[in-house]
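Numbers for residues simply follow the sequence, beginning at 1.
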Amino acid sequence: MVCLAEKTANERWANLARGLLCTVSRYARPVHGGLNWPRIIGEEGLPRCQWSHGAAGIGLTYLTAYRVLGDASYLETAIQAAEATFGYGDFRQNYTQCTGLAGGGELLLEVSRTTGRQLWCDRAVNFAEQCLVYRENTPAGDA
């Protein structure tokens with residue numbers, strides 16, 4: 001909805017996006033010095049933190065909302081999501097976009113671009129370096 005609000009400049013989409021973000025914010029839970037979201041509403045534990053569901057992907061949504069709607073609270077939520085994402089680290093022992101380091105690294109990099117803070121760039125580099133652990137030497141080269 002945020003992207004529709006941006007593309008159409010229609011306040012109806014912006015208001016729907018604000019309502020949705022308000023609902024999502026209610027389910028944020030503190031963990032690892034930041035915020036994460038349960039996989040299912042009402043779920044007690046926070047075993048995951050990934051791009052497909054959890055702080056890494058939700059943080060990117062809040063960054064987009066901040067860019068389009070200009071509400072500083074959306075940036076703060078994105079930063080808190082990035083903090084949790086970094087805290088989870090390589091919890092899945094996986095380098096991929098959806099469930100691994102690449103998705104979390106994307107959020108860290110985008111927070112760095114948005115805030116200009118070196119901390120987030122350093123953390124994104126940390127995740128990229130962790131991805132290199134999964135590199136394999138094959139007859140055709142590195143994979």
Quiz item: Among the clusters formed by ILVMFWY side chains lying less than 4.5 Å apart, do I40 and W37 turn up in the same one?
Solution: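 No.
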Quiz item: Do I79 and L109 sit in the same hydrophobic cluster, where Ile, Leu, Val, Met, Phe, Trp and Tyr count as joined when their side-chain heavy atoms come under 4.5 Å apart?
Solution: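 No, because I79 and L109 fall into different hydrophobic clusters, even though each may have its own neighbours under 4.5 Å.
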Quiz item: Linking Ile, Leu, Val, Met, Phe, Trp and Tyr by side-chain heavy atoms under 4.5 Å, what else ends up with Y88?
Solution: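 Hydrophobic cluster check, Y88: joined to V31, L46, F91.
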Quiz item: Linking Ile, Leu, Val, Met, Phe, Trp and Tyr by side-chain heavy atoms under 4.5 Å, what else ends up with V125?
Solution: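 Taking Ile, Leu, Val, Met, Phe, Trp and Tyr as members, V125 stands alone, with no cluster partners.
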Salt bridge (Lys or Arg N to Asp or Glu O under 4.0 Å): pairs with one or both residues in [range], sequence neighbours excluded:
range	answer
residues 82-92	E83-R123
residues 107-122	E110-R113
residues 61-76	E6-R67

Quiz item: Do the side-chain N and O atoms of R18 and N15 include a donor-acceptor pair separated by under 3.5 angstrom?
Solution: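 Note: R18 and N15 side chains meet the donor-acceptor criterion.
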Quiz item: With a 3.5 Å cut-off and no angle check, do the side chains of Q50 and S52 form a donor-acceptor pair?
Solution: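 Yes.
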Please enumerate all residues that pass side-chain hydrogen bond (donor to acceptor under 3.5 Å, both in side chains) together with [X], with sequence neighbours excluded.
X	value
T61	none
W51	E106
N10	none
T96	N94, T99

Nearest atoms (heavy-atom pairs only) where [X] meets [Y]:
X	Y	value
G104	A56	CA-CB, 4.0 Å
A55	C49	CB-SG, 3.6 Å
L69	A14	CD2-CB, 3.8 Å
V111	A82	CG2-CB, 3.9 Å

Practice problem: Could you tell me whether a side-chain N or O of S112 sits under 3.5 Å from a main-chain N or O of L108, the two making a donor and an acceptor? | Solution: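 Flag not set: sc S112 to bb L108 has no pair under 3.5 Å.
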Self-check item: Main-chain N/O of A28 paired with N36 side-chain donor or acceptor, under 3.5 Å
Solution: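 No: the side chain of N36 does not pair with the backbone of A28.
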Exercise. Applying salt bridge (charged side-chain N to carboxylate O under 4.0 Å, His left out), name anything that partners R39, two or more places apart in sequence or on another chain.
Key: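 R39 satisfies salt bridge (charged side-chain N to carboxylate O under 4.0 Å, His left out) with E43 once adjacent residues are dropped.
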Quiz item: In Å and rounded to the nearest 0.5 Å, what is the OG1 to CG distance from T115 to L75?
Solution: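 Answer rounded to 0.5 Å: 7.0 Å.
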Quiz prompt | Nearest-0.5 Å distance, CD of residue E129 to CG of residue L132 | solution =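 E129 CD to L132 CG: 7.0 Å, rounded to 0.5 Å.
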Quiz item: Is there side-chain contact between E136 and D142, with at least one heavy-atom pair below 4.5 Å?
Solution: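 No, side chains not in contact.
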Quiz item: Any side-chain heavy atom of L101 within less than 4.5 Å of one from Y134?
Solution: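 They are in contact (side-chain heavy atoms under 4.5 Å apart), so the answer is yes.
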Quiz prompt | Residue pairs, two or more places apart or on separate chains, that pass side-chain hydrogen bond (donor to acceptor under 3.5 Å, both in side chains) and touch residues 19-34 | solution =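 Qualifying pairs, neighbours excluded: S25-Y62.
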Quiz item: What about the rings of Y66 and Y74, do their centers lie closer together than 6.0 Å?
Solution: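 So the answer is no for these two rings.
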Exercise. Could you list all the ring pair (Phe, Tyr, Trp, His ring centres under 6.0 Å) pairs where at least one residue sits in residues 105-133, not counting sequence neighbours?
Key: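 Listed by first then second residue: F86-F127.
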Quiz item: In a check of side chain to side chain contact (heavy atoms under 4.5 Å, CB included) between L63 and each of V68, L107, I58, which one passes?
Solution: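 Single side chain to side chain contact (heavy atoms under 4.5 Å, CB included) partner of L63 among V68, L107, I58: L107.
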